[in-house]
Amino acid sequence: MTDILPDIRKVTADPRFDGGPVLISCAMVEDEVTCAMKAVGAQIPVIWVDRGYHNEPTRLRAVLQERIDWAEDRGAKTVLLAFGLCGNGAVGLRTRSATLAMPRFDDCINFMLKHGERMQRGLSKAGVMYLTRGWSQDEAATVIGLRERYALKYGERRANIIMRHMFEGYKAVSLIDNGCYDVDSVMPIACATARELGVCTRVDEGGNEVLEKLLSGRWDDDILVVEPGRALEQDDFEFEDKRKR
């Protein structure tokens with residue numbers, strides 16, 4: 001068990017879900033969850049998970065399983081996860097009696113990039129650093145924040161060397177325009193990040209249809225549905241292009 005309690009912002013301190021659905025979501029995609037809720041008219045209680053776990057899949061798995069168990073103990077019969085595979089952090093998750101549903105994507109970047117017909121498993125491109133408003137608010141994950149911490153710890157010269165080696169493969173910084181936040185408000189951060197890396201800035205079209213499907217129950221191939229008792233596997237996230245059948 002972890003020492004971090006669920007952050008219940010939209011229900012009472014000790015709720016009973018009485019057979020209804022519960023959403024467990026990364027705080028990184030709060031803009032997108034809020035937008036999807038409004039779009040589909042959903043009123044689902046949300047258990048928010050701190051945004052700092054995306055680089056620690058083992059801890060993320062433990063935290064998510066704890067939240068799942070907590071929700072089931074209070075009567076949830078459907079558990080929705082606003083997460084992807086997340087570095088295998090979702091592998092091994094299971095419910096006891098509830099249905100589990102989540103995006104069939106490797107991570108939140110990929111399901112935010114999805115708009116229109118999906119042609120392949122991975123939608124993100126190598127060498128591109130993707131940002132949203134949620135990602136820009138995570139100081140621990142930003143290039144600027146990382147550069148400052150390295151400079152304080154190692155000095156400017158060594159920090160420059162470390163950053164150059166860490167990010168030498170990047171060619172662009174992209175803002176995902178999924179309609180859930182003001183892109184212009186985040187552009188200064190994107191531009192500062194691009195200057196730090198010596199690359200260009202661009203805007204890529206995205207969407208929020210995957211979360212809308214998840215929250216509305218319109219579950220198709222983009223949504224992974226797992227029966228009670230079965231543990232999630234890495235192979236569950238495989239994508240089959242139906243056009244090639």
In sequence, state the C-alpha distance, the side-chain angles, and the governing distance for Glu72 and Thr95, and then conclude on side chain to side chain donor-acceptor pair (under 3.5 Å).
-> CA-CA 8 Å; Glu72 283 199 279; Thr95 58; 4.6 Å; no

Charged tip of Arg147 within 45° of Phe167 ring normal and under 6.0 Å | no

In Å and rounded to the nearest 0.5 Å, what is the OG1 to CD distance from Thr132 to Glu32?
-> 5.5 Å

Starting at OG1 of Thr58, measure out to CG of Asn88 and round the result to the nearest 0.5 Å.
-> 9.5 Å

From Lys114, Arg121, Arg104, residue fulfilling salt bridge (Lys or Arg N to Asp or Glu O under 4.0 Å) relative to Asp222 | Lys114

Should Asp73 and Arg96 be marked as a side chain to side chain contact (heavy atoms under 4.5 Å, CB included) after you check the CA-CA gap, both sets of side-chain angles, and the distance that decides it?
-> CA-CA 10 Å; Asp73 288 344; Arg96 300 187 301 269; 2.6 Å; yes

Under 3.5 Å, is there a donor-acceptor pair between the side chain of [X] and the main chain of [Y]?
{"X": "Arg51", "Y": "Gly134", "answer": "yes"}
{"X": "Trp219", "Y": "Leu214", "answer": "yes"}
{"X": "Tyr130", "Y": "Lys125", "answer": "yes"}
{"X": "Asn178", "Y": "Asn208", "answer": "no"}
{"X": "Asp107", "Y": "Gly84", "answer": "no"}
{"X": "Glu209", "Y": "Gly116", "answer": "yes"}

Count the heavy atoms belonging to other residues, nucleotides or ligands that lie under 6.0 Å from CD of Gln43, then report whether that count exceeds 12.
-> no

Can a donor-acceptor pair be found between the side chains of Asp69 and Gln65 at a distance below 3.5 Å?
-> yes

So among Leu80, Leu100, Ile68, which one has a side chain to side chain contact (heavy atoms under 4.5 Å, CB included) with Ile24?
-> Ile68

Is there a side-chain contact between Val29 and Met112 (heavy atoms, below 4.5 Å)?
-> yes

Is there side-chain contact between Thr99 and Lys77, with heavy atoms separated by less than 4.5 Å?
-> no

May I ask you to decide whether Arg230 forms a salt bridge with Asp236, counting only side-chain N to carboxylate O separations under 4.0 Å?
-> yes

So, for Val91 and Gln234, which heavy atoms are closest and what is the spacing to 0.1 Å?
-> CG2-N, 3.8 Å

